[in-house]
2 protein chains.
Amino acid sequence: MAKIKIEKSTEDKILAAAKKIFISKGMFGARMQDIADEAGINKALLHYYFRSKEKLFEVIFIEAAQKLFPKINSIFESDMPLFEKIRNFCEEYLTVMMENPYLPSFVVNEINRDPQNFIKKIWNKQHFPKPQKFLEQIEREVKKKTIKKISPLDLLINLISLSIFPFVAKSMIQSVIGLDELQFRAVMEKRKKDIAEFIIASIKK
Amino acid sequence: MAKIKIEKSTEDKILAAAKKIFISKGMFGARMQDIADEAGINKALLHYYFRSKEKLFEVIFIEAAQKLFPKINSIFESDMPLFEKIRNFCEEYLTVMMENPYLPSFVVNEINRDPQNFIKKIWNKQHFPKPQKFLEQIEREVKKKTIKKISPLDLLINLISLSIFPFVAKSMIQSVIGLDELQFRAVMEKRKKDIAEFIIASIKK
DNA sequence: ATACAGTTTAACCAAATGGTTAACAAAGGA
DNA sequence: TCCTTTGTTAACCATTTGGTTAAACTGTAT
C-alpha cells in the first residue's frame with residue numbers, strides 16, 4: 001500500500017492555519033507569527049501570499065460567514081410549507097453548526113467588532129441572508145389562521161436564537177451545566193429535531 | 001441655577017472608561033492608552049490604581065458577569081410555579097439586557113476566549129448560576145404530566161437562548177433586518193412578554 | 001513655613017508586532 | 001548551461017504597547 005502524501009499547497013496551509021488561529025483568537029488576538037508557526041512556514045510568506053493581516057483575515061471571515069449564511073437562504077426561499085421549512089432549517093442548520101462549532105461565535109463577534117465593515121464585506125457577495133420571503137410566508141399563515149398569531153420577525157428571531165445560541169455559548173453551557181464534549185454533541189444532535197417541534201408546538205393551532 | 005459638578009473620583013473615572021473600552025473592543029482590542037484618554041488621565045495612573053491590564057480587565061469582567069448571572073439565581077431558586085417563573089425570568093432578564101445591551105456579547109466572548117480562566121474567576125464568587133432547582137422543578141412537572149414531555153436541560157437552554165441571543169447578535173440582526181436603535185428596542189420591549197408566552201404555549205398541555 | 005503622604009504626570013524602556021528587504025533556492029524554458 | 005520566474009528565508013525596521021521611574025504637584029497635619 002503506497003504511502004499517500006497529500007502535499008497541500010503553501011497557500012492552503014496558510015489558509016488552514018489562519019482559519020484555526022483567527023477563529024480561536026479573533027482578529028485582534030491572532031498573531032501573524034502564530035499563523036506562520038501553525039502553517040510551518042516563514043512569516044514573510046504570509047505577506048507574500050496575502051498582502052496584510054487584514055486581507056488574510058477578510059478571506060477567512062468571508063469564508064466563515066458564507067458557511068453560516070447561504071444554507072439559510074436556500075431554505076428561506078424554497079416553496080415548502082411552513083412547518084416543513086422549520087424542520088428542514090433546524091436539521092440542516094444544526095448539522096452545519098456541529099461541523100463548525102466555533103463558527104457562530106467567531107462570526108457574531110467579528111460583526112460586533114465592526115458592523116459597518118461587515119455590511120460592506122458581505123453585501124453584494126450574494127450570500128447576504130434574505131429572509132423576506134420567509135417572513136411573508138409566516139404573515140400569510142397567520143392571516144389564514146392556520147397558525148397562532150405571532151409577529152413574523154419574532155418567529156424568525158426565535159428560530160435563529162434556538163439554533164445558533166447554544167454554539168455561541170458553548171463554553172458557558174459546558175461550564176455551568178458540566179457537559180464534556182461528547183455530552184454536548186449528544187444534546188445538540190437531539191436538538192436538531194427537538195427545536196423544530198418546540199417551535200411548531202408553540203405556533204400550531 | 002447652580003452648576004452641579006459631579007466630581008467622580010479618579011478610580012471611578014477609570015472604571016467607567018475601562019468598562020466602555022473593554023466592552024466595545026474586548027480584552028485584546030482595548031488599549032491602555034484608549035482607556036486613559038477616555039478617562040481623561042495619564043496612562044501611568046491606570047497602573048497606579050490597577051497594577052496591570054489584566055487586573056483591570058478582571059475587575060470589569062467580573063462586574064459584567066455578576067450583572068449577567070445573579071438575577072437568574074434568585075428566580076431559579078424561588079418557589080414560584082413554573083409558568084410564573086418563566087414569565088418572571090423573561091421580564092427581568094430582558095430588562096437587564098436592555099439596560100446593558102453589549103454585556104452578553106462581551107461576557108460570552110471572553111468566556112470563549114479562555115473558559116478555564118472564567119471558571120476560576122467566577123467560581124466561588126457566589127454568583128455562579130445554579131440552575132439545579134429549576135431543572136428539578138421542570139422534571140417534576142413533566143412527571144406530574146402538567147406540561148408536555150421535554151428535557152429540562154433543553155427547556156433551560158431554550159429559555160436562555162431566546163433571552164440572550166438577540167443581544168449577542170444585535171448588530172447582525174440590525175444589519176440583516178434593517179432596524180435602527182429605536183426599532184430594535186421596541187422589538188425587545190415587546191419580546192419581554194412574547195418570549196414567555198411562546199415558551200409556555202409550547203409546553204402547556 | 002515644613003514635612004509628609006497620597007496623587008498625577010512626562011519621559012522613558014523593553015518587548016512584541018506587522019511589515020519589508022535582499023539574498024537565496026527551485027523549477028522550468030531557451 | 002544560462003536565464004528568468006516563482007517560492008522561501010533570515011535579518012531587519014518602524015511603530016505600538018504594556019509597563020516603569022523619578023520628579024512634580026496637592027492637600028493637610030504639625
Side-chain angles (χ1 to χ4, degrees), chain A residues 5-64 106 109-110 113-114 116-118 120-121, chain B residues 5-64 106 109-110 113-114 116-118 120-121:
Chain A
K5 198 168 189 179
I6 300 165
E7 281 288 348
K8 276 213 286 187
S9 76
T10 304
E11 193 169 335
D12 288 342
K13 280 195 290 184
I14 293 176
L15 284 172
K19 192 171 160 181
K20 180 172 170 187
I21 301 295
F22 274 132
I23 285 184
S24 72
K25 303 194 176 182
M27 164 67 174
F28 282 128
R31 294 291 102 105
M32 291 299 262
Q33 190 60 59
D34 296 343
I35 298 175
D37 291 348
E38 178 73 30
I41 53 155
N42 188 289
K43 183 166 63 98
L45 255 195
L46 297 181
H47 292 92
Y48 179 76
Y49 281 92
F50 304 86
R51 283 226 317 261
S52 65
K53 187 185 183 183
E54 220 170 306
K55 294 260 187 227
L56 178 53
F57 176 82
E58 194 177 313
V59 173
I60 302 297
F61 176 78
I62 288 182
E63 193 199 309
F106 171 67
N109 193 32
E110 296 298 332
R113 190 170 59 81
D114 189 351
Q116 294 308 316
N117 212 341
F118 159 71
K120 239 190 309 184
K121 276 183 195 152
Chain B
K5 196 168 190 180
I6 300 165
E7 281 288 349
K8 277 214 285 189
S9 76
T10 303
E11 194 169 334
D12 289 341
K13 278 194 289 184
I14 293 177
L15 284 172
K19 193 169 159 181
K20 179 172 171 186
I21 301 294
F22 274 132
I23 286 186
S24 71
K25 303 197 177 182
M27 165 67 175
F28 282 129
R31 296 289 104 107
M32 292 297 263
Q33 190 60 59
D34 296 343
I35 298 175
D37 291 348
E38 177 73 32
I41 54 155
N42 187 289
K43 182 166 65 99
L45 254 195
L46 296 181
H47 293 92
Y48 177 78
Y49 281 93
F50 306 85
R51 285 227 314 261
S52 65
K53 188 185 183 182
E54 221 170 305
K55 295 259 187 225
L56 178 54
F57 176 82
E58 193 177 315
V59 174
I60 303 298
F61 176 78
I62 288 182
E63 193 198 310
F106 172 67
N109 193 30
E110 297 299 331
R113 191 170 58 83
D114 189 352
Q116 295 309 316
N117 211 342
F118 158 70
K120 236 191 312 183
K121 275 182 195 153

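Throughout, protein chains are lettered first and strands after them, A, B, ... in sequence-line order, and every chain is numbered starting at 1.
Here D/dT15 presents its C1' atom at 14 Å from CD of B/Gln33, a figure rounded to the nearest Å. A straight line from CZ of B/Phe57 to P of D/dG18 spans 13 Å, rounded to a whole angstrom. Between the C1' atom of D/dG19 and the CG atom of B/Leu56 lies a distance of 13 Å, rounded to the nearest Å. Distance CG (B/Leu46) to P (D/dG19): 10 Å, rounded to an integer number of Å. Across the protein-nucleic acid pair, B/Asn42 atom CG and D/dT20 atom P stand 14 Å apart, rounded to whole Å. At whole-Å resolution of the value, CE in B/Met27 and P in D/dT17 are 14 Å apart. Note: NZ (B/Lys43) to C1' (C/dC12) measures 10 Å, nearest angstrom. Spacing between atom CG of B/Leu45 and atom C1' of D/dG18 amounts to 15 Å, rounded to whole angstrom units.
Contact of the A/Met32 side chain with the A/His47 side chain is registered, since non-hydrogen atoms from C-beta on lie closer than 4.5 Å.
At a cut-off of 3.5 angstrom, counting only N and O atoms as typed in the model, there is no donor on one side facing an acceptor on the other between the side-chain of A/Lys53 and the base of C/dG19.
Checking D/dG19, C/dT9, D/dT9 against the side-chain heavy atoms of B/Ile41 singles out C/dT9 as nearest. Of the candidates D/dG7, D/dG19, C/dT7, D/dG7 carries the atom nearest the A/Tyr48 side chain, counting heavy atoms from C-beta on. Proximity note for A/Ala44 (side chain, C-beta onward) versus C/dG19, D/dT9, D/dT6: the nearest is D/dT9. For A/His47, taking side-chain heavy atoms from C-beta onward, the closest of the listed nucleotides C/dG19, D/dG18, C/dG6 is C/dG19.
At the heavy-atom level, B/Ala30 lies under 4.0 Å from the strands shown only through sugar-phosphate atoms.
The shortest distance between the side-chain N/O atoms of A/Tyr49 and the OP1/OP2 oxygens of D/dT8 is below 4.0 Å. One finds a side-chain N or O of B/Arg31 lying less than 4.0 angstrom from the OP1 or OP2 phosphate oxygen of D/dG18. Contact annotation: B/Thr10 reaches the phosphate of C/dT8 (side-chain N/O to OP1 or OP2, under 4.0 Å).
We find that A/Lys55 and A/Glu58 are not joined by a salt bridge, their nearest charged nitrogen and carboxylate oxygen being 4.0 Å or further apart.
Side-chain atoms of B/Lys53 come within 3.5 Å of backbone atoms of B/Ala30 as a donor-acceptor pair (strictly under, hydrogens ignored). Judged by distance alone, the side chain of A/Glu110 and the main-chain N or O of A/Met27 form a donor-acceptor pair under 3.5 Å.
A cation-pi arrangement is present between A/Arg113 and A/Phe57 under the rule of less than 6.0 angstrom and at most 45 degrees off the ring axis.
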